[in-house]
Amino acid sequence: MNLEQAKALDAKALHKAAAKLKPETRHFIDGKFVPSKKGKTFQTINPATGEVIAEVARGDAADVDAAVKAARKAFKSGAWSRMAPRDRMQVIYKFAKLIEDNALEFALLDTTDMGKPISEMLNIDIPGSVMTFNYFGETIDKIEGQVTATAATEFHYILRQPLGVIGCIVPWNYPLMMAAWKTAPALAAGNSVILKPAEQSPLSANLLAKLFMEAGGPAGVFNVVHGLGEEAGKALALHMDVDKIGFTGSTEVGKLMMVYAGQSNMKRVTTECGGKTPQIITGDVPDLDTAVQYAVNGIYGNQGEVCNAGSRLIVDAKIHDEFVSRFQEKAKKSFMPGDPLDPSTTMGPLVTKEQQKRVLSYIDIGKKEGAKLTMGGIVPKGLDKGCYVSPTLFTGVKNDMRIAKEEIFGPVTGVLTYKKLDEAIAMANDSIYGLAASIWTSDVSVAHKAARDIEAGIVWVNCFDHGDMTSIWGGFKQSGMGRDKCLETLTTVTQTKSVWMHLG
Ligand code: NAD
């Protein structure tokens, strides 16, 4: 069922459709679904109900090796890597269309697997994934080389070529969309890919791989290996015949990717990692209500399980009380935890019991550190079977508290205050992370100064989380060193080669 039809369904119809789901749980290697060589599996659990959805193939080094061999064979055959650019483009466009046509199944798979509200799947993740494939599809016949100026006796040109075999290791917070961000540019440039989805949210990856072939993609170009990070993920990152790992996930594991590259074949690595995004709200904010609504959406959307979640609200001391009171009012109206399969639900459960425990432990830490728990901080009543945490706000937060320093990855934010702008910018930058930031001001000089001085891959002015495929997505500092979306990404999935001819 396509996107528009899926959007018209009510909770009852969505539950009925979810009950009928029969997700494919094997690996997808060389165009076929196959079980793990050792026959092992792991469980994936619906975090809204605690029920087991499926037993999924648990891959290890042997399964990864089979996928890498298939990917290399496909790459060398040229069936995809040397397909005429406009033909490759047509496959990617058809693939994007098929994702849209199968929107209901994608939405049900990711919502039941990781708990995000189905309305987010239908309005953000699926359209965002379709747009990603279309955008990179459009670039295929625009990847160009160069001819340089040389002496008349010489001729020099530079080719831009695909890398070969790319491992895409992705997290669980946007299972389909993160897979799209990683695989779309790699495929567009002619590479073969091996997708390793997160073990908390493995189910939509197989549908993606299957649709790639339905769209006309050759066997072996898009492979999926399931499994645990330290088994399948590590084996992929250590493999001697993988040319690159495109990684999205935690900073801790991102660092391991660089270690594994060094321990194996010095493969290229790009990392998109954690964040602790500051939003600076100045005393001359153009419209406080709008800023507050964006602050609320910026932390509670997707249960706060967002790399750029606005988890540090740096507010001018003059407007602190007004900001905090409006924030609570708007949060209560906008985010109410509930059944993620109900299209009116705005907040689902966290991804697992472990994640719920982790987030609740940070709430304890915040209280012990002396921050004031002003809103939430509990498991909502009646939802204790699932992994829920209510929208939470701390005030009186200091930047050296753990709740201001560490990525919580849940619906928890804190308000810090400042008196002078320099102080606010210094606070924003006093973090190991640098993924995103925002500034709310009516003063154009303040806006430009902050945009220049804040250490982050994206700085929003008088908005938050706006953007399209042309905007850069990537971190400063320990938020990583990759770039997703945007044209620059193509440079990370290709390599350049000089051809120098002596003409005599
Ligand atoms: P994670 O680092 O635990 O896992 C990410 C992926 O790495 C998973 O597929 C996992 O199986 C794999 N993995 C784990 N250990 C591994 C190992 N030793 N070797 C190889 N692979 C391994 O992250 P997560 O909990 O799935 O996701 C949350 C994190 O992702 C947060 O830190 C969030 O900020 C980050 N994230 C960043 C972006 C971005 O664009 N910067 C986007 C989404 C999520």
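Only heavy atoms go into these numbers, but all of them, side chains included; no hydrogens, no water, no symmetry mates. Since the model is a prediction, treat every value here as computed from it, not as a measurement. One-based numbering, in listed order, for ligands and for the atoms of each.
- Here's the thing with Q200: none of its N/O atoms is less than 3.5 angstrom from an N/O atom of ligand 1.
- Shortest contact from atom 35 (C) of ligand 1 to any protein heavy atom: G249 O, 3.2 Å.
- T248 places none of its side-chain heavy atoms less than 4.5 Å from the side chain of W473.
- Residue-ligand proximity: Y260 is placed with a non-hydrogen atom under 4.0 Å from ligand 1.
- Scanning the protein for heavy atoms near atom 26 (O) of ligand 1, the closest one is W172 CD1, 3.0 Å.
- Interface of W473 with ligand 1, defined as ligand atoms under 4.0 Å from a residue heavy atom, comprises 39 (C), 40 (O).
- Residue M257 has at least one heavy-atom neighbour below 4.0 Å for each of these atoms of ligand 1: 19 (N), 20 (C), 21 (N).
- Ion pairing of D63 with R58 is absent here, as no side-chain N (NZ or NE/NH1/NH2) approaches a carboxylate O to less than 4.0 Å.
- Atoms of ligand 1 found under 4.0 Å from any heavy atom of G274 (numbered from 1 in listed order, with element): 32 (O), 34 (O).
- Within 6.0 Å of the NZ atom in K73, the count of heavy atoms belonging to other residues, nucleotides or ligands does not exceed 12.
- Rounded to the nearest 0.5 Å, atoms CD (Q355) and CD (Q303) are 10.5 Å apart.
- Looking at ligand 1, you'll find an N or O of K196 within less than 3.5 Å of one of its N or O atoms.
- Heavy atoms of C273 approach ligand 1 to within less than 4.0 angstrom.
- Side-chain atoms of M257 and I169, non-hydrogen and from C-beta on, do get closer than 4.5 Å to each other.
- Within the 4.5 Å cutoff, the side chain of V412 has no heavy atoms near those of the I403 side chain.
- Checking only distances, E230 never comes within under 3.5 Å of ligand 1, N or O to N or O.
- Residue, atom and distance of the protein heavy atom nearest to atom 34 (O) of ligand 1 are E407 OE2, 2.6 Å.
- Scanning all protein heavy atoms for the shortest distance to atom 27 (O) of ligand 1 gives P171 CB, 3.2 Å.
- Between F327 and Y300, the ring planes lie perpendicular to each other; the angle is over 60°, past the 30° to 60° tilted range.
- Within a 6.0 Å sphere centred on NZ of K353, heavy atoms belonging to other residues, nucleotides or ligands number more than 12.
- No cation-pi contact links K367 to F394, judged by a cut-off of 6.0 Å to the six-membered ring centre and 45° from its axis.
- Proximity of V170 to ligand 1, defined as any heavy-atom pair under 4.0 Å, is confined to the backbone N, CA, C and O atoms.
- Against a heavy-atom cut-off of under 4.0 Å, F247 is close to the following atoms of ligand 1: 2 (O), 5 (C), 6 (C), 7 (O).
- Using a 4.0 Å cut-off to heavy atoms of G233, the atoms of ligand 1 that qualify are 19 (N), 20 (C), 21 (N).
- Residue N173 approaches ligand 1 through these ligand atoms, each under 4.0 Å from one of its heavy atoms: 43 (C), 44 (C).
- From the protein, the heavy atom lying nearest to atom 36 (N) of ligand 1 is C307 CB, 3.6 Å.
- In M375, the CE atom is crowded: over 12 heavy atoms of neighbouring residues, nucleotides or ligands sit closer than 6.0 Å.
- The single protein non-hydrogen atom nearest to atom 10 (C) of ligand 1 is E199 OE1, 3.6 Å, given as residue, atom name and distance.
- Ring orientation note: the planes of F409 and W172 are nearly perpendicular, at an angle over 60° on the 30°/60° scale.
- Near M178, meaning under 4.0 Å from any of its heavy atoms, are these atoms of ligand 1: 42 (C), 43 (C).
- For atom 32 (O) of ligand 1, the nearest protein heavy atom is under 4.0 Å away.
- Residue K330 qualifies as enclosed at atom NZ: its count of foreign heavy atoms under 6.0 Å is above 12.
- Closest to atom 23 (O) of ligand 1 among all protein heavy atoms lies S250 N, 3.4 Å.
- Annotation for ligand 1: atoms under 4.0 Å from non-hydrogen atoms of L256 are 18 (N).
- Annotation: atom 28 (C) of ligand 1 to nearest protein heavy atom, F409 CE2, 3.5 Å.
- The CZ atom of F464 sits 10.0 Å away from atom CG of N297, with the distance rounded to the nearest 0.5 Å.
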